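First up is the structure itself, then whatever we jot down about it.
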Amino acid sequence: MKIPSEDSFTSRLRSAAVAARVGMWLGICFLVALVTGVISHYAQVDHQPVPLPASPSRLYQLTQGLHVAAGTAAIPLLLIKLWVVFPKLFQPMPRRVREALPTALERGSIAILVSTSIVQLTTGLLNVAQWYPWGFSFRNTHFALAFVAVGALLIHIAVKLPVVRDALTGDIDDTSNDRPNAVQAGPVSRRGVLALAGTSAAAAAFLYTAGTIPGVGRLAALSSRSRAHGIPINRTARSAGVVAAASSSAYRLEVVHGAVTRSLTREDMLAMRQRTHILPIACVEGWSVAGEWGGVLLRDLLDLVDAPRGREVRVRSIQTFSASSDTVLPPNFADDDRTLLALHLDGETLSMDHGYPTRLIAPDRPGVMQTKWVSRIEVLS
Ligand SMILES: Nc1nc2c(c(=O)[nH]1)N[C@H]1C(S)=C(S)[C@@H](COP(=O)(O)O)O[C@H]1N2
Ligand SMILES: [Mo]
């Protein structure tokens, strides 16, 4: 088979004018994903030097929703962008070393950009689909690679800036930056390609976001979960191996502060003052749903063991050996008057799959830190 050359590609759709525009949208998606991704990563750091605010209670739901929406929208944009610039892959290298060196560096940065982008978008997508066919930590890898991708992106933008500026200020059908033989009309116009890019990006984001809109949840092909009380179940009690312990009459919630320990049955908790708050579960995997949670204020439990305000609090689950088996609440979350040990959801007894006998629900936290099947609360010093 003959290897094609750059000149083998003759469509006038594969032009700088199209590449620069799709690239700009892609860049915006990457920027949104980077900023919201850093927020999400930091939100999951234990013992944060500067704790994130607990208000507004739905801020994390918004930033993480934007993160996954930007990532899914970027998938069709990246595919279209790669199609548009594909001929460049066959560009010959300059013969002279002085010219070949910068070209090699530039192409190297593009190779890194393309490969890390593909890895980021696929691992992100598989994460939304809750499928982890790899052995590494998704969160740390996704976080570290983001900076490699952004570094390569900045180099790419810097190198291309003159062309990009020219292409973006000129008309979409302008040919001044085209390869000489890229003259063949395509099946659609250049505007048509942009419209296709825009609609497919919006459709991809919708396929994911639909899961967060009541009524159209069934369309959320990318993030469907089984549900109880209308709220998705991320891990069932059975798969967490907690059914026996969670339904046992020997169940107690232990509240520990130094040498002081109080053991409470679920009935003891029900006898305390009950509060209700509407708070979302905002999963890092992208879906989020709010419910009306009823239960005991964490601060009321801390008062039972005379815990002072301003302390970090560790919350442990019956479930062990899982990323969600314990979490640390910063002081502003532990003392917040919406942070509950929930006993009810939407007026009904909390179901086993949502964390019966009791689960943590705090405002503005990643779902992964809303510990289910809570058995122990420790005041840290
Ligand atoms: N003990 C325990 N708590 C857990 C989990 C878990 O696997 N085990 N999953 C977490 C995740 S990732 C999310 S998004 C929420 C989901 O809560 P839900 O299943 O009630 O919707 O619970 C969190 N709490
Ligand atoms: Mo989650």
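Start at 1 with the first residue, then count along the sequence. Since the model is a prediction, treat every value here as computed from it, not as a measurement. Because only heavy atoms are used, hydrogens play no part in the values below, and waters and symmetry mates are left out as well, while side chains stay in. We count ligands from 1, going down the list as the structure has it; atoms in each ligand are counted the same way.
Around ligand 1, the residues contributing at least one heavy atom under 4.0 Å from the ligand are I231, P232, I233, N234, R235, I281, C283, W287, S317, Q319, S324, H354, R359, G367, V368, Q370, T371, K372, W373.
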With a cut-off of 3.5 Å and sequence neighbours excluded, list every side-chain donor-acceptor pair involving residues 15-35.
unit_1, atom_1, unit_2, atom_2, d
S15, OG, V18, N, 3.3
S15, OG, R190, NE, 3.4
R21, NH1, A17, O, 3.0
R21, NH1, A167, O, 3.3
R21, NH2, A167, O, 3.4
R21, NH2, G170, O, 2.9

Distance-only donor-acceptor pairs under 3.5 Å for side chains of residues 254-262, two or more places apart:
unit_1, atom_1, unit_2, atom_2, d
E254, OE1, R376, NH1, 3.0
H257, ND1, V305, O, 2.9

Which pairs would a plain distance check flag for residues 92-101, meaning a side-chain donor or acceptor within less than 3.5 Å of a matching protein atom at least two apart in sequence or in another chain?
unit_1, atom_1, unit_2, atom_2, d
R96, NH2, E99, OE2, 3.4

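Under 4.0 Å is where a charged nitrogen must lie from a carboxylate oxygen, and between R275 and D300 at least one such pair does.
Annotation: side chain of V159 is not in contact with side chain of L105 (no heavy-atom distance under 4.5 Å). Looking only at side-chain heavy atoms (C-beta outward), W287 and I281 come within less than 4.5 Å of each other.
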